[in-house]
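Written out below as C-alpha cells is the structure these notes cover.
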Amino acid sequence: MEELIIRGGRRLRGELQVQGAKNSVLPILAATLLANGVVTLRNCPRLRDVETSVKILRALGCTASWDGDALTVDTSAFRDCAISDALTREMRSSVIFLGAILARCGQAACSMPGGCQLGPRPIDLHLSGLRAMGAEICERGETLRCDGCRLRGTDITLSTPSVGATENLMLAACGADGVSVISNAAREPEIVDLAQFLNACGGDVRGAGSSTVTVAGRRETHGCAYRVMPDRIAAATYLCAAASAGGDIYLRGARARDLGAVLAALRESGCDAAPDSDGIALRTPPRLKAIGPVRTAPYPGFPTDAQSVLMAALLKADGATVFEENLFESRYRHVGELRRMGADIRVFGRVAVVNGVTDLRGASVECTDLRGGAALCVAALAADGETHVSALRHLDRGYEDIRRDLSRLGADIVRVTDCESV
Ligand code: EPZ
C-alpha cells in the first residue's frame, strides 16, 4: 500500500506551476469526438481520470498519444458507441461521453455512473435534456441505451445549474439539427473552456459562462491545438496549503478570475493574496482568523470542491468558522479523519462548525475522496509530527503529483510503498 508521510511544522515558500484543469480536460476529451480531425491538447494533466478517458476513447476506436504534457487525439477511426461497464465505473464522470457519442454517431450505450463518495450522483437532468432533443433513452437496470439519430435543437431549462448536464447537453447540441438554448446553465470556467475548445474546432457556442448557452448544431468541424485552462481547484488546494502551514508562495498560471470566492475567504482569514498577469502570490499572517459562514454554491459562489481544503486550512484559526455544504449530501467524510489529528469540528447535517485549536497532531489517516484527501495533506502541514496519508488512489484522480508539488513549496513530504516503509 502506498502512503504519503508528511512532517508538519515547515512554512511553505517558493513558486509552483499549476497543473491543467481536470474538470475542463475531461469534457474536452469527450468533445474530441466532435472534431473532424486531429486534436492536440496542451497543458493536459496526467491524472487517473484522464487516463480513464483515454481508455474510453481508445475502446471507441480512437487513438491517443502523449508527448510531454500534450495529448494528441485522433477520432477518425471511431467505431463503437458503447462504453463498457468497467470503464464507466472507473470514472463517474464517464457519463459526459453520452452527449458526444450521440452527436457523433446517433446512438450510445453506457451503464449508470452510480453514486460516489459525495452521495447520490443523479443524471436525471442529463437524460431529460437529451430526451428534449429527441433522444430515445431506454433505462434497463444499470444500463442506458440511447438512440439519437435525429437530435433536434431545442430550448432546455435546467432545474439546477448542473455542470455535467450543461456540458453533456452542449456536446449533444453540436450534433443536433438547428439551434439549442440551454437556460439556467452552469457558469463554471470549465464550461467556458469547453465552449472555447468547441469553437476552436469550428463549432458555434455562445454565452458560455452565463446562465444561457446557445449552440448551433451540425457545423463543419476540424481538428485544433488547444491549451487547457489551469486547474482552479488545484490552485485553491495549494493556496490553502500555504495558509495552513504559513508561508509565502507564488502559483504560476493560477487565474484570479476563476478563484474570486476562494481568494475572498483567504483574505478574510488574514492572508495577503496578490494576483498578477501570470499567477497569484499569497503571504500568510502569523495566525489565521476564523471567517464568516462559508456556503458552497454553483459558480461564482464558493466552490464545493474547495470546501474541504479551506476547512483544513482553518483548523488552527483564531475563532470558529461555519461551513454549509449545499451541493452534495455527503461531503464531510474528511471530518472524521481531521478529528484524528485533533481538529475540533462538529457536523449538523449540511453544516459543519470548525472551532480553531492551537495544535494539531500527526496521525494515520485515510483519503475518503479526492478533495477530502487533499484536505488531509493541507492539515498535515500544520500538525506536529508525522501524518501518514493512505488510499492515495483518490488523490491521484485529481492531482498530477501532490507530493512533487508540495515538495516544490518546501514541504517535508515523501511517498512510500509498503516495502520502502518497512
Ligand atoms: C462537477 O461534477 C465536477 N466534476 C465536480 O468536481 C464538482 O464538485 C461539481 O461539478 C460541482 O461543481 C467534474 O467536472 C468532472 P453537478 P458534476 O452536476 O457535474 C445535482 C471534483 O472534486 N444533479 O454540477 O457531477 C447533483 O446531485 C469533482 O473535481 C442532479 O440533481 O456536478 C449535485 O447536487 C467532485 N441531477 C448538483 O446537481 C443531475 O442530472 C451539482 O452537480 C445532475 C446533477
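Order of appearance sets the numbers: ligands from 1, and atoms from 1 within every ligand.
Using a 4.0 Å cut-off between charged nitrogen and carboxylate oxygen, Asp177 and Arg150 count as a salt-bridge pair. Salt-bridge check for Arg331 with Asp305: passed, with a basic side-chain N closer than 4.0 Å to an acidic carboxylate O. Using a cutoff of 4.0 Å between basic side-chain nitrogens and carboxylate oxygens, Lys289 and Glu268 are not scored as salt-bridged. The pair Glu139-Arg145 does not meet the salt-bridge criterion, since no charged nitrogen lies less than 4.0 angstrom from a carboxylate oxygen.
Scanning all protein heavy atoms for the shortest distance to atom 1 (C) of ligand 1 gives Val163 CB, 4.0 Å. Atom 15 (C) of ligand 1 has its closest protein heavy atom at Asn23 OD1, 3.3 Å. Nearest protein heavy-atom contact of atom 36 (N) of ligand 1 is Asp124 OD1, 2.8 Å. The nearest heavy-atom contact from the protein to atom 30 (C) of ligand 1 is Pro122 CG, 3.5 Å. From the protein, the heavy atom lying nearest to atom 5 (C) of ligand 1 is Asp305 OD2, 3.8 Å. For atom 38 (O) of ligand 1, the closest heavy atom belonging to the protein is Thr160 CG2, 3.8 Å. From the protein, the heavy atom lying nearest to atom 32 (O) of ligand 1 is Phe328 CZ, 4.0 Å. Nearest protein neighbour of atom 18 (O) of ligand 1, counting heavy atoms only, is Ser162 OG, 2.7 Å.
In terms of N/O distances under 3.5 Å, ligand 1 is approached by Gly164. Remark: ligand 1 and Leu327 share an N or O pair separated by less than 3.5 Å (distance only, no angle test).
Residues Gly373 and Leu395 come closest through the heavy atom pair C-CD2, 3.6 Å.
For Tyr299, no heavy-atom contact with ligand 1 is shorter than 4.0 Å.
Every atom of ligand 1 with a heavy atom of Leu118 under 4.0 Å away is listed here by number and element: 35 (C). Heavy-atom proximity to Thr304, at under 4.0 Å, picks out these atoms of ligand 1: 8 (O), 11 (C). Interface atoms of ligand 1 facing Lys22, defined by a heavy-atom separation under 4.0 Å, are 21 (C), 29 (O). Here is the list of ligand 1 atoms found below 4.0 Å of a heavy atom in Arg331: 8 (O), 22 (O), 35 (C). For ligand 1 and Ile123, the ligand atoms under 4.0 Å from any heavy atom of the residue are 39 (C), 40 (O). If you number the atoms of ligand 1 from 1 as listed, the ones under 4.0 Å from a heavy atom of Leu125 come out as 36 (N), 39 (C), 40 (O). Near His126, meaning under 4.0 Å from any of its heavy atoms, are these atoms of ligand 1: 40 (O). Counting the atoms of ligand 1 from 1 in the order shown, those under 4.0 Å from a heavy atom of Arg121 are 2 (O), 17 (P), 25 (O).
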*Verify side-chain contact (heavy atoms from CB on, under 4.5 Å) between Met341 and Thr387, making sure each step is shown before the conclusion.*
CA-CA 8 Å; Met341 300 171 70; Thr387 297; 3.6 Å; yes
*Could you go through the side-chain hydrogen bond (donor to acceptor under 3.5 Å, both in side chains) check for Asn168 and His126 one step at a time?*
CA-CA 7 Å; Asn168 228 337; His126 299 239; 2.9 Å; yes
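Defined by atom type and a distance below 3.5 Å, a donor-acceptor pair is present between the side-chain atoms of Arg371 and Tyr399.
You'll find the side chain of Ile249 stays beyond 4.5 Å of the side chain of Glu15, heavy atoms only. Looking at heavy atoms from C-beta onward, Asp412 lies out of side-chain contact with Ile6 at the 4.5 angstrom threshold.
Environment of CG in Asp276: crowded, with over 12 heavy atoms of neighbouring residues, nucleotides or ligands closer than 6.0 Å. Annotation for Arg46: atom CZ counts as buried by contact number, over 12 foreign heavy atoms lying within 6.0 Å.
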